[in-house]
Amino acid sequence: MAWCIASALAVFVAAHLALVAGLARRRAWGRAAVALLVPPLAPWWGYREGLRVATIAWCAALALYAVGVVVA
């Protein structure tokens, strides 16, 4: 069970960094900086900027992590 939680956390962090990098590539520097420090804003702004796959990965990994923590 621990490997599942660790994997979900790793995917979550990778998706979060991908969203921040995607926002920075789209010249949304201010949003990228704020999203790095306030994680719930990253998928919100990422979805609006067209980063749909990273947003879905972010949400799915967070949900899997939360379920894993509750079950553990």
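In this chain, residues are counted from 1 in sequence order.
- Linking ILVMFWY side-chain heavy atoms closer than 4.5 Å, directly or via other members, places V67 and W3 in two distinct hydrophobic clusters.
- A continuous path of hydrophobic side-chain contacts links V13 to V20 [ILVMFWY only; heavy atoms under 4.5 Å].
- In plain terms, the two heavy atoms of V69 and I5 that are nearest each other are N-CD1, 4.1 Å.
- Checking side-chain atoms of H16 against main-chain N and O of P40 turns up no donor-acceptor pair under 3.5 Å.
- The hydrophobic clustering, which links ILVMFWY residues whose side-chain heavy atoms are closer than 4.5 Å, places M1 and Y65 together.
- One distance of note links CZ of R31 with CH2 of W44; it measures 11.0 Å at 0.5 Å rounding.
- Shown here for P43 and C59, the closest heavy-atom pair between the two residues is CB-SG, 4.5 Å.
- Summarising the geometry of A24 relative to A32, their closest heavy-atom pair is N-CB, 3.8 Å, with the distance given to 0.1 Å.
- Two different hydrophobic clusters hold V11 and L9 under the rule that ILVMFWY side chains link at heavy-atom gaps under 4.5 Å.
- Looking at Y47 and E49, their side chains never come closer than 4.5 Å, going by heavy atoms from C-beta outward.
- In this structure, L51 and W45 have side chains that are not in contact, with every pair of non-hydrogen atoms separated by 4.5 Å or more.
- When hydrophobic clusters are built by joining Ile, Leu, Val, Met, Phe, Trp and Tyr residues whose side-chain heavy atoms come closer than 4.5 Å, directly or via intermediates, V38 is grouped together with L23.
- Only one option out of L62, L64, L17 pairs with F12 in a side-chain contact (heavy atoms from CB on, under 4.5 Å); it is L62.
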